[in-house]
Amino acid sequence: MEKTYQPNAIERKHYDHWENQQYFQPTGQGAPYSIMIPPPNVTGTLHMGHAFQQTIMDALTRYHRMMGHDTLWQPGTDHAGIATQMVVERLLGAEGKTRHDLGRETFIDRVWEWKGQSGGTISQQMRRLGDSVDWTRERFTMDEGLSEAVREVFVRLYDEELLYRGKRLVNWDPKFHTAISDIEVENKEEQGSLWHFRYPLADGAKTADGKDYLVVATTRPETMLGDSAVAVHPEDERYTSLIGQFVDLPLVGRRIPIIADDYVDMDFGTGCVKITPAHDFNDYEVGKRHNALLINIFDKSAAVLAQAEAFSYAGQPLDDFDGSLPDGYGGLDRFDARKKIVADFDALGLLESIKDHTLMVPRGDRSHDIIEPWLTDQWYVASTKMAQPAIDAVKDGQIEFVPKMYENEYYHWMNNIQDWCISRQLWWGHQIPAWYDNDGNVYVARDEAEVRSKYSLADDVELTRDEDVLDTWFSSALWTFSTLGWPHDMETVMRFHPTDVLVTGFDIIFFWVARMIMMTMHFIKDDDGKPMIPFKKIYMTGLIRDENGQKMSKSKGNVIDPIDLIDGIDIDELVKKRTSGMMQPQLAAKIEKNTRKSFPEGFAESGTDALRFTLTSLASLSRDINFDVKRLEGYRNFCNKLWNAARLVQMNTFESIEDSDELGAPLDCGQHGGDVEYSLADRWIRSRLQTLIADVHKHYQQYRFDLMSQTLYSFIWDEYCSWYLELSKPVFWNEHSTEAQLRGTRQTVVHVLDQLLRLIHPIMPFITEEIWQSLKPVSGATGDSIMIAEFPKVDEAQTDPTAEADLEWVKEVITGVRNIRGEMNIAPGKPIPVLLANGDETDERRFRENESFLKQLAKLESLTWMNSGDPVPASSQALVGHLKVLVPMAGLIDVAAEKARINKDVEKTNKELARIEGKLTNEKFVSNAPDAVVQKEKEKADAMKTKLADLQSQIDQLNQL
RNA sequence: AGGACUAUAGCUCAGUUGGUUAGAGCGCUGCCUUGACAUGGCAGAGGUCAGCAGUUCAAAUCUGCUUAGUCCUACCA
């Protein structure tokens, strides 16, 4: 093996091998365990959040596979309607074309072409990440099978009246010319103005204080063209006399009623509200109650119409409505119209005032354009009717959120759920299976032929298919069962349903998680006809942010491609990557500056395993995770540590060949039987290993990957490498070691490493495979790959509390000597004599049994046991309980320095003792606290008192010099 | 406006049901190229656990308030 760990040299070959051997596929043996991947956008690339979640999913998958489960990790991608169409339209834009120039069919061909081009990126990235997904089952939401599931669900929901079409106000994106659902709207606070307009009263009416006009306030003056009422509060005395009267809408000349409605807040502004039912969700409700006209004034781009149009609340056009609008507005963009309206009011002397005002502005999460409430025909899922079982499933514990706090968020949304607008005016997506005849009647079925037979339509009835497509999330909502072959392959569906855990971000609870629960429970039933849940647990990961806590986004230029961390990237390349293909090229300079400042050297190559370990270590239950490249470096070093530990193990378990790095024949590690004798260190590490194994299992159960990685890290580094491997050297190097002793330690060194590799394999698949393979001749492991090897289980027979206590003592003695060396500036390599004094029988036994360990690890010239009464020279000392570990000062140690060192210890101990005695003299503590706690404090106090006495006698002795 | 979450070492974060001398990684200081590893070893410095009050024998941990930040929902037109 190389002296340092070189990730790129080992990663790819193992992945190819695993995939070729079909290890990623379910075996058909054992209890099923399944995870559905949250499908990434097929035309996108994976970012740190994906890498993070996929690492967790892969760790879970590999863990369960090694535990003998029939494990399926289902991969796939999503067609991402708007996002993908947007990208392709931009590509067309570069050629100076629009999608309309191409026509629907050609355009969709172009999208497929683009998908083919970019679609491979994600699977390449996933392979580099080591994801053990079953590639033979890979699915795409626009595949024929999944499309069929979509049609099936649509038709069934429609027939059950859980899906309907209606003319309603929707969130309209004037940039993409499509409706979007309410959760695709982001409300952000922005600075705006509040305009106060005078609306003259009709028929000579007057207000209570004698004015001939009402004052209304608005943040959107342009909508006044669609006003159909002015509302006041029914109990507002200023206006009661005017209720039922009219105002003359300025500019338009429309005569509109003054209505009374509770919705109005008397204390805000003037207490008069203009009502524009076709352009505001609240006004729609008010208007509906009072049957005020629904007057639409905008076209699909939110430019003013030449003629306004009016509708009934049932959606019928009102033909006798006079839609005249003032000259000069037709075709004007909404914001130009706003300026003109204000100017015109001003000119008429009807502009009362303009005030600064902060308001919440709705913007599309894709287009970032301001969303317009707009009256259109759309398809809806009656979510309100489907929500209850989904709420109950969480309430009664069938589905559990990890962490628990997200359940409240889920309930809150589900309890206030709105019907889901699922139609999108896009070309890329699942076209809605609905047909219309020339009279506008709607027919829903799987295809046109079925429409005709289902609705008994003659062949000559002309039918046209609905042009719209479905929201991407509609197909994603079916993901857990559509990917398994529903509605045909019910055997597979039932085998892996419900899936075990969904790993995803909290930001898509509503978009995806909640809808999956509703759809799955509606369509998938168990043998008793009881609704089945899609997954038992929902593990919500935090959001990966950059090192400053900023959300990673292309426009901020702070995204990190996980592959760049794996392979490394130089700074120029990184800057180029971050500043190319930007929506706002003017930000390039700033991004370049920040990038160069944050990563002057770019990223070093760290390898997949180090990245995965880092991500795992960040997987605490917190909401936000700031990714710091420094952490990655630390874990890359950890990989190197593991690598070199393996080298040491190999050097001691294989014959060495002179002048060569190649390994010779395997040595006798007990893999073929023979007597073994375990050293204290052997018994200790075997015992400690059992605790580690138990902890790892526990952390998997509790989804505490951060604790798990920390536990593994500190065991491997601080126990296995720093202590155990050092303690194995005295055995290997001692020419008097017996065959049984050598065999025992060789076997332990290999066995523990083998177990560690298995324990950590789900997180670091590549390095563990590489090392595991190299150890096979000495570990006795069979099987082709570590990924299908058995995961370690606790072996109670190996726990050995005596060995743990004895070795703890050994460590303390060694640390004591090192301590003196360190603080007295004695060179680490210089052999020194050490005396052990004031010890009891246990100390003496431990000393006798471990003399060679102690001498070797503390680099001692001699180690002498002092009986009581033996004369002890002036020494620097460390205490291990009562036992004094003494380094004679002669020629080595400065008296003043030693005194200072002891005084520091005295001070610290005194302080602590005072605290404990304070507790113990407190009557209430002694009488109220549990006996065990009081006892513990007493023991601590006693120990400190003797320690202080020892330290004092040491000072006395030094003073006599 | 309502709700949720967060505040622990210079930085990024752990800290289970109240009882630890409050931990880790990175960074920092000193010494070390010892026969796995300088991507290393040994030793060390560094914290009033955001603030205030309370409950308790005992609070980083439980409760209330305050401050700062993040997010969600709803909005007053």
Side-chain angles (χ1 to χ4, degrees), chain A residues 1 3-5 187 194 216-220 223 231 263-265 267-276 280 282-283 286 357 359-360 403 405-406 408-409 412-413 416 506-507 509-510 543 545 547 549 551 604 606 610 614 617-618 620-652 698 702 704 706-707 710 713-714 718 721-722 725-726 729 733 815 818-823 825-829 859 908-909 911-912 915-916 919 922-930 932-934 936-937 940 944:
Chain A
M1 281 166 80
K3 189 176 173 185
T4 52
Y5 162 63
N187 291 296
L194 190 59
V216 298
T218 182
T219 54
R220 306 192 52 208
T223 62
Y263 161 72
V264 180
D265 180 352
D267 300 325
F268 184 84
T270 57
C272 299
V273 185
K274 64 192 263 320
I275 299 297
T276 323
D280 182 283
N282 288 311
D283 290 7
V286 175
H357 186 69
L359 68 162
M360 296 298 269
M405 62 172 175
Y406 291 108
N408 287 331
E409 222 167 292
H412 184 258
W413 190 70
N416 297 290
F506 61 85
D507 49 332
I509 292 185
F510 311 135
L543 222 59
R545 297 168 175 276
E547 67 281 2
K551 205 164 165 173
S606 293
T614 307
S617 76
L618 295 173
S620 62
L621 299 180
S622 72
R623 246 180 110 80
D624 297 306
I625 293 162
N626 297 356
F627 187 84
D628 190 343
V629 183
K630 289 285 170 53
R631 282 291 280 270
L632 180 62
E633 279 172 35
Y635 292 120
R636 186 195 57 195
N637 296 351
F638 174 63
C639 290
N640 188 58
K641 188 75 182 174
L642 181 60
W643 183 259
N644 276 288
R647 288 182 66 224
L648 178 68
V649 169
Q650 289 175 349
M651 286 173 189
N652 288 299
K698 185 181 81 187
Q702 301 179 344
R704 288 306 303 267
D706 57 330
L707 298 182
Q710 201 190 50
Y713 182 99
S714 66
D718 301 332
C721 291
S722 296
L725 289 181
E726 294 304 323
K729 289 175 183 173
W733 296 352
T815 308
R818 284 178 180 167
N819 219 305
I820 293 167
R821 271 185 198 275
E823 294 189 27
N825 278 322
I826 303 169
K859 300 253 157 47
K908 199 176 143 195
T909 311
K911 226 163 138 187
E912 189 53 26
R915 206 177 65 91
I916 293 171
K919 274 191 188 178
N922 183 343
E923 171 58 27
K924 286 178 179 170
F925 172 72
V926 179
S927 54
N928 285 324
V933 173
V934 176
K936 203 169 140 197
E937 294 297 316
K940 272 199 256 175
M944 280 178 194

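Atoms considered below: every heavy atom in the structure, side chains included; atoms not considered: hydrogens, waters and symmetry mates.
Across all strands, A:Arg915 comes closer than 4.0 Å only to sugar-phosphate atoms, never to a base (heavy-atom distances). Nucleic acid contact class of A:Leu618 (heavy atoms, under 4.0 Å, all strands): none. A:Phe506 comes within 4.0 angstrom of nothing in the nucleic acid, heavy atoms only. In this structure, A:Arg220 reaches neither bases nor backbone, as no heavy-atom distance under 4.0 Å exists between it and the strands shown.
If you take atom P in B:rA59 and the same atom in B:rC49, they sit 12 Å apart, rounded to whole Å. Distance check on atom C1': B:rG46 versus B:rG27 gives 11 Å, rounded to whole Å.
Nearest to the side chain of A:Glu726, among B:rA43, B:rC5, B:rC37, sits B:rC37. Closest approach to the A:Leu725 side chain among B:rG25, B:rC71, B:rA36 is made by B:rA36 (side chain taken as heavy atoms from C-beta onward). The side chain of A:Ser622 lies closest to B:rA14, out of B:rA36, B:rA14, B:rU21. Nearest to the side chain of A:Asp624, among B:rU70, B:rC37, B:rA77, sits B:rU70. The side chain of A:Ser620 approaches B:rC13 more closely than any other nucleotide in the set B:rC13, B:rA36, B:rU12. Nearest to the side-chain atoms of A:Ser722 among the listed nucleotides B:rU39, B:rA36, B:rC42 stands B:rC42. Checking B:rU70, B:rA36, B:rA14 against the side-chain heavy atoms of A:Leu648 singles out B:rA36 as nearest.
The side chain of A:Asn644 places no N or O atom within less than 4.0 Å of a non-bridging phosphate oxygen (OP1 or OP2) of B:rA38. Taking 4.0 angstrom as the limit, A:Thr223 places none of its side-chain polar atoms (N or O) nearer than this to OP1 or OP2 of B:rA77. Put simply, A:His412 has no side-chain N or O that comes within less than 4.0 Å of OP1 or OP2 on B:rG2. A:Arg704 has a side-chain polar atom (N or O) that falls below the 4.0 Å cut-off from OP1 or OP2 of B:rG15. OP1 or OP2 of B:rU21 sits under 4.0 Å from a side-chain N or O of A:Lys940. Here A:Asn637 does not reach the OP1 or OP2 of B:rC37: none of its side-chain N or O atoms lies under 4.0 Å away.
Stacking of A:Arg545 on the aromatic ring of A:Phe627 is not recorded, the 6.0 Å distance cut-off and the 45° axial limit not both being met.
Across all their heavy atoms, A:Arg821 and A:Ala827 have their closest contact at NH1-O, 2.8 Å.
A residue-by-residue look at A:Lys859 and A:Gly634 shows that A:Gly634 has its nearest nucleotide of RNA chain B further toward the 5' end.
Looking only at atom types and distance, the side chain of A:Thr909 has no donor-acceptor partner in the side chain of A:Lys911 under 3.5 Å away.
A:Trp733 qualifies as a stacking partner of the B:rG35 base, centre to centre under 5.5 Å and near-parallel within 30°.
Relative orientation of the A:Phe510 and A:Trp413 rings is parallel, given thresholds of 30° and 60° on the angle between their planes.
At a cut-off of 3.5 angstrom, the base of B:rA58 holds no donor-acceptor pair with the side chain of A:Glu937. Judged by distance alone with a 3.5 Å cut-off, a donor-acceptor contact links the side chain of A:Lys641 to the base of B:rC37.
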Which string of ( ) [ ] | and . matches RNA chain B, if you list each base 5' to 3' and count Watson-Crick or G-U pairs only when both distances are under 3.5 Å? (((((((..((((.....[...)))).(((((.......))))).....(((((..]....))))))))))))....
